[in-house]
4 protein chains.
Amino acid sequence: MSGTGTARGRIDKRQAILDAAFTVFAREGYAQAGVDVIAAEAGVAKATVYSHYGDKESLFRETVSASADRALAENLAVVERLTGAGEDLRATLETVGSKLLECYCADRSWALRRLLAAETGQFPDLLDVIHTRAADRVAEALADRLARLTVSGHLRTADPLLAADQFFALLSGPADKRARLGTRRTPDAELRAIAEAAVDTFLKAFGAQG
Amino acid sequence: MSGTGTARGRIDKRQAILDAAFTVFAREGYAQAGVDVIAAEAGVAKATVYSHYGDKESLFRETVSASADRALAENLAVVERLTGAGEDLRATLETVGSKLLECYCADRSWALRRLLAAETGQFPDLLDVIHTRAADRVAEALADRLARLTVSGHLRTADPLLAADQFFALLSGPADKRARLGTRRTPDAELRAIAEAAVDTFLKAFGAQG
Amino acid sequence: MSGTGTARGRIDKRQAILDAAFTVFAREGYAQAGVDVIAAEAGVAKATVYSHYGDKESLFRETVSASADRALAENLAVVERLTGAGEDLRATLETVGSKLLECYCADRSWALRRLLAAETGQFPDLLDVIHTRAADRVAEALADRLARLTVSGHLRTADPLLAADQFFALLSGPADKRARLGTRRTPDAELRAIAEAAVDTFLKAFGAQG
Amino acid sequence: MSGTGTARGRIDKRQAILDAAFTVFAREGYAQAGVDVIAAEAGVAKATVYSHYGDKESLFRETVSASADRALAENLAVVERLTGAGEDLRATLETVGSKLLECYCADRSWALRRLLAAETGQFPDLLDVIHTRAADRVAEALADRLARLTVSGHLRTADPLLAADQFFALLSGPADKRARLGTRRTPDAELRAIAEAAVDTFLKAFGAQG
DNA sequence: CATGAATGAGAATTCATTCAT
DNA sequence: GATGAATGAATTCTCATTCAT
């Protein structure tokens, strides 16, 4: 087992650097973030960061990618909940809506979105990667569920992808307004209220019994 | 009128610097933007930028403020159009929605939003200023109009401000998805389609004849 | 008399600039002193300073020269007092010594000496000018008086210039130590004590009745 | 001994920077001295200067402190020579006086004094440090010796510290006059003459057989 | 003549990156 | 493989000086 500690150590160091990088990039932005600072936050020497990730730009890409993968997983897990079943559609949508909002409003999510917005000019490819690999897939997954609910007669959506976008918009739009780009943490109760209002509007528009 | 050329010159220089600053900040971000580059873009010497605006930070603040003021004015002008009249409410909403989306998707608007997102950490006060001075006022103005339309029996909104937020969300949310943080210009026709879909959903939920 | 005010004005302005320059140069040193600051202190525009004195270096030279001339005049006036007469030689020497020390320890004198020390490297000629035009002439004048006192039998100085230098050294050396390069103002009483001690030693060495 | 070259290298670099800094500060003054120039003189990169000393001000302080420590050591070593013994007091005093003058007139000493005079306004604390840590201690040491010589009957000094100050003044005062703030190197022979004259006057005033 | 504005050259300081150990 | 030290390139800001009015 003597080597395990070291092997772990190496992996842990990689991860520690990635975590530190996210923290620092999120706090200071790409350009302002110092590699020294990241190294210090990770508890390693600056040169170690370089030996692991090559240069600042690569480190940034990997940091953002890892963060996006994580966000994707969280969001998909929530959407999965939207099974066709649910005796009470409204309650189910409200729960899913709330959970989506919680993901959306998590500190890490805001940090990631701010980072993307900030560095779109310098790293245009990151946006594509993340949209195609994460955001769009969540929307598609959501559209799938809405389509099934339409087929099963619980909803009436002519264009499920549009409906999914609008559902998400009804959630995120009002939440955006309160969150001030993530600088204010919105209480869960408020998120819940936003979700209920969103579902209410959504069902008025797309509910089967309209 | 003697001396007008020169007097204008001073003012023009201030304005040229501000325009150049917006261009460069928008393209490169606050930290990456070089004052040299801004000066060159404005056609003045670096020191002139400093003599006018003191330091880079102040220049940034003034640039952002001016840009926000301009955006506010444009948005309010659009909302004004939503007069209670309109024989055809749907058509009116669609027009207003389209125009709002055009403002929202203008290059300058995206640039401003990206800049705000990017620099929220370094300039937290800018967000407050802009939200209270611009964004919230547009929402309030929109809510006012919706309230009047409710009073006049054209709409049924229990909470006009919420309805306004949702209306705006139904517009901006789907547009966001296509615009990729402003890196893709969405054709006006597509914006129009988004607006029509938004109005459709909105009227299903809040229309008087529902 | 209408023109007088203006003519005065011009001269006053030159003088105001010179005074301001001395103040600022003395406070901040040549390199650190900003022409803006001097102009502000003088209550004129920066360009006015240039139109009067050409450039910073010339202004510095004139400032230092003027200050040195003034110091020379003050010192010579004191040495004049050392008339051959004086029933009480000791008392006369003590008075002259005190007065010399007061000149020596005046704020302006210290400021001038600090300035000279500071800028000797950049303005080597200033030193020569001042030494030959001021310091040496004071020493010579003092030596003259001591020579006369020797001829009249009041003193025994083999080399009056050496005696003058030593007399001055006995005054300024101990004062230097207390003044900390002019950062501490030494009370007149203390200066008097230094002068008395200096005269005491001087008379023991050069007094006629030894 | 492996690695000595490198380990030495680091220390040597620190020292090389300090030496270069003294040279350049002495030649150009604090404000005019460019860190580039210091770095070039030391044969290192500008950033290396910063990584060792933080900023220009700290570098200046350390440079001056080091120089003052060195001057103190040299002066004390000379004063030590003034042992009570000495069959020939006059010769001993002349030797000590000469040596003190040589220290006093060394290029480094003048440079240090000019630097202190120049930057007293910006760095008032340096003066205090140097006076209490160096100059005063030399004076005290000298006073100690004179006191012993008084006790042993070789001198008559009522106030040994005053006598020490006057002794030093008789040396440095006339030397000051010739050295023109260190811009002229005074030949040792002349210094010797000054010392002899100083001792002559001093012994007339304080000699035991007077 | 006095001025406000404009500027070019320069100076301190920082930081991503590389090397020797 | 991890590190401390060294560096070159960039960047913000200053200031003496000059013009047009």
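Letters A, B, ... mirror the listed sequences (proteins, then strands); counts begin at 1.
Look at CD on A/E57: it is 14 Å from C1' on E/dT17, rounded to the nearest Å. Per the geometry, CG belonging to B/D55 stands 20 Å off P belonging to E/dA12, to the nearest Å. Rounded to an integer number of Å, the gap from D/Y53 OH to E/dA12 C1' is 18 Å. Atom-to-atom, CG of A/D36 to P of E/dT17 comes out at 11 Å; the value is rounded to the nearest Å. Between the P atom of E/dC1 and the CZ atom of C/R14 lies a distance of 12 Å, rounded to the nearest Å. Protein atom CD of D/Q122 is 14 Å distant from nucleotide atom P of E/dA12, rounded to whole Å. Atom pair C/D12:CG and E/dC1:C1' shows a separation of 16 Å (rounding to whole Å applied). Taking atom CD1 of residue D/I17 and atom C1' of nucleotide F/dA6, one finds them 10 Å apart after rounding to whole Å.
Between C/R61 and C/D125 there is a salt bridge, since at least one side-chain N of the basic residue sits less than 4.0 Å from a carboxylate O of the acidic one. Using a cutoff of 4.0 Å between basic side-chain nitrogens and carboxylate oxygens, A/E119 and B/R114 are not scored as salt-bridged.
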| request: Before giving the answer on salt bridge (Lys or Arg N to Asp or Glu O under 4.0 Å), spell out for B/R180 and A/D128 the whole-Å C-alpha distance, their side-chain angles and the decisive distance to 0.1 Å. | output: CA-CA 8 Å; B/R180 292 278 170 91; A/D128 289 333; 2.8 Å; yes
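At the heavy-atom level, D/T48 lies under 4.0 Å from base atoms of the strands shown. Across all strands shown, C/A39 has no heavy atoms under 4.0 Å from either base or sugar-phosphate atoms. Using a 4.0 Å heavy-atom cutoff across all strands shown, A/A33 reaches sugar-phosphate atoms only and no base atom.
Across every strand in view, F/dA10 sits in a pair with E/dT13 that passes the Watson-Crick or G-U test at under 3.5 angstrom. Base pairing of F/dA20: its partner is E/dT3, meeting the Watson-Crick or G-U wobble criterion (both donor-acceptor distances under 3.5 Å).
Nearer the 5' end of DNA chain F, as judged by each residue's closest nucleotide, is the contact made by B/Y50, out of B/Y50 and C/K56. Nearer to the 5' terminus of DNA chain E, by closest-nucleotide assignment, is the contact made by D/Q32 (compared with the other of D/A47 and D/Q32). Two residues, C/G54 and D/G43, neighbour DNA chain F, and the one matched to the more 5' nucleotide by heavy-atom proximity is D/G43.
You'll find a donor-acceptor pair under 3.5 Å spanning the side chain of B/K46 and the base of E/dG10, going by distance alone.
Taking the centre and axis of the six-membered ring of B/F22, the NZ or CZ atom of B/R108 falls inside the cone set by 45° and 6.0 Å.
Under 4.0 angstrom from either OP1 or OP2 of E/dA2 there lies at least one side-chain N or O belonging to C/S51. In terms of phosphate contacts, C/H52 brings no side-chain nitrogen or oxygen within less than 4.0 Å of OP1 or OP2 of E/dC1.
B/K56 places a side-chain N or O within donor-acceptor distance of the main-chain N or O of B/Y30, the cut-off being under 3.5 Å.
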